[in-house]
**Q** 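Got a structure for you, written out below as structure tokens; questions coming shortly.
Each ligand, and each atom within it, is numbered from 1 in the order the structure gives. Sequence positions, counted from 1, serve as the residue numbers for this chain.
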Amino acid sequence: MSKSVTVVDHPLVQHKLTLMRENETPSSVFRQLLREITLLLAYEITREMPLSQRSIRTPLEEMQAPSLAGRNMALVSILRAGNGMLDGVLELVPQARVGFVGLYRDEATLQPVQYYFKVPSALEERLVIVVDPMLATGNSSAAAVDLLKGAGARNIRFLCLLAAPEGIERMTTAHPDVPIVTAAVDRQLSDKGYILPGLGDAGDRMFGTR
Ligand code: URA
């Protein structure tokens with residue numbers, strides 16, 4: 001496994017992921033589990049956020065205490081499934097600014113085409129965390145990161161729930177500077193681009209549209 005890919009093998013993450021994979025899990029439970037796992041994954045992906053010391057007063061005395069330094073983080077959802085991961089990260093980092101990238105696949109060229117792009121200002125000064133539960137082909141993730149780099153982002157991390165080896169290869173080739181954090185790396189992509197064994201279409205499962 002590339003050094004830029006971290007698989008969070010915490011037992012709570014793995015247990016909740018199993019519940020999410022099960023075909024019978026209803027949308028309401030699926031969404032709740034995604035929020036909970038995302039919170040745990042976010043703990044890992046924010047591990048290297050910079051700190052500075054500031055002077056505070058406890059009830060007993062003054063001290064120099066660590067607090068987050070620099071601009072607030074930018075959290076960027078790849079529409080639509082990425083939205084299911086926003087609340088988990090925001091619970092941990094409520095001051096994060098939120099952006100959205102919308103991409104669809106052109107059926108003729110099979111390439112991702114942008115239809116929406118709204119991100120926080122001063123991306124170049126922020127840690128940018130891109131969320132999308134399924135890193136499948138990696139095409140839309142790589143395209144989203146291209147757009148964010150074009151908008152100035154320099155410190156980007158990618159947070160997903162499940163990754164296919166093909167998607168990891170695509171992302172680490174296109175963007176070797178972008179660390180990936182995931183709960184699991186599954187076996188392969190199907191010929192229709194689904195992750196196997198996977199959990200199906202994450203957007204459909206969270207929004208009840210299948
Ligand atoms: N997107 C999904 O929602 N599921 C997959 O398996 C692949 C891409």
**Q** Look up atom CD1 in Ile168 and atom CE in Met171, then write down how far apart they are to the nearest 0.5 Å.
**A**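 So the CD1 of Ile168 and the CE of Met171 are separated by 10.0 Å.
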
**Q** Taking only residues two or more places apart in sequence, or in another chain, which ones meet Leu196 in a side chain to side chain contact (heavy atoms under 4.5 Å, CB included)?
**A**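 Only Arg187, Gln188, Ser190 meet the side chain to side chain contact (heavy atoms under 4.5 Å, CB included) criterion with Leu196.
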
**Q** Under 3.5 Å, side chain of Gln95 to main-chain N/O of Asn72, donor-acceptor pair present?
**A**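 No.
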
**Q** Under 3.5 Å, side-chain donor or acceptor atoms of residues 146-163 against the rest of the protein: list the pairs with distances, not counting sequence neighbours.
**A**
| unit_1 | atom_1 | unit_2 | atom_2 | d |
| --- | --- | --- | --- | --- |
| Asp146 | OD1 | His175 | NE2 | 3.2 |
| Lys149 | NZ | His175 | ND1 | 2.8 |
| Lys149 | NZ | Asp177 | OD1 | 2.9 |
| Lys149 | NZ | Asp177 | OD2 | 3.1 |
| Arg154 | NH2 | Glu124 | O | 3.3 |

**Q** Mind jotting down which residue pairs meet the side chain to side chain donor-acceptor pair (under 3.5 Å) criterion with at least one end in residues 45-54? Sequence neighbours excluded, please.
**A**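 Every side chain to side chain donor-acceptor pair (under 3.5 Å) pair that includes a residue of residues 45-54, provided the two are not neighbours, is Glu44-Arg47, Arg54-Ser67.
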
**Q** For ligand 1, find each of its N or O atoms that sits under 3.5 Å from a protein N or O atom, and tabulate the pairs with distances to one decimal place.
**A**
| unit_1 | atom_1 | unit_2 | atom_2 | d |
| --- | --- | --- | --- | --- |
| ligand 1 | 3 (O) | Ala202 | N | 2.7 |
| ligand 1 | 4 (N) | Gly200 | O | 2.8 |
| ligand 1 | 6 (O) | Ile195 | N | 2.7 |

**Q** Examine distances only and state if a side-chain atom of Ser77 and a backbone atom of Asn83 form a donor-acceptor pair shorter than 3.5 Å.
**A**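 Checking the backbone N and O of Asn83 against the side chain of Ser77, a donor-acceptor pair under 3.5 Å is found.
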
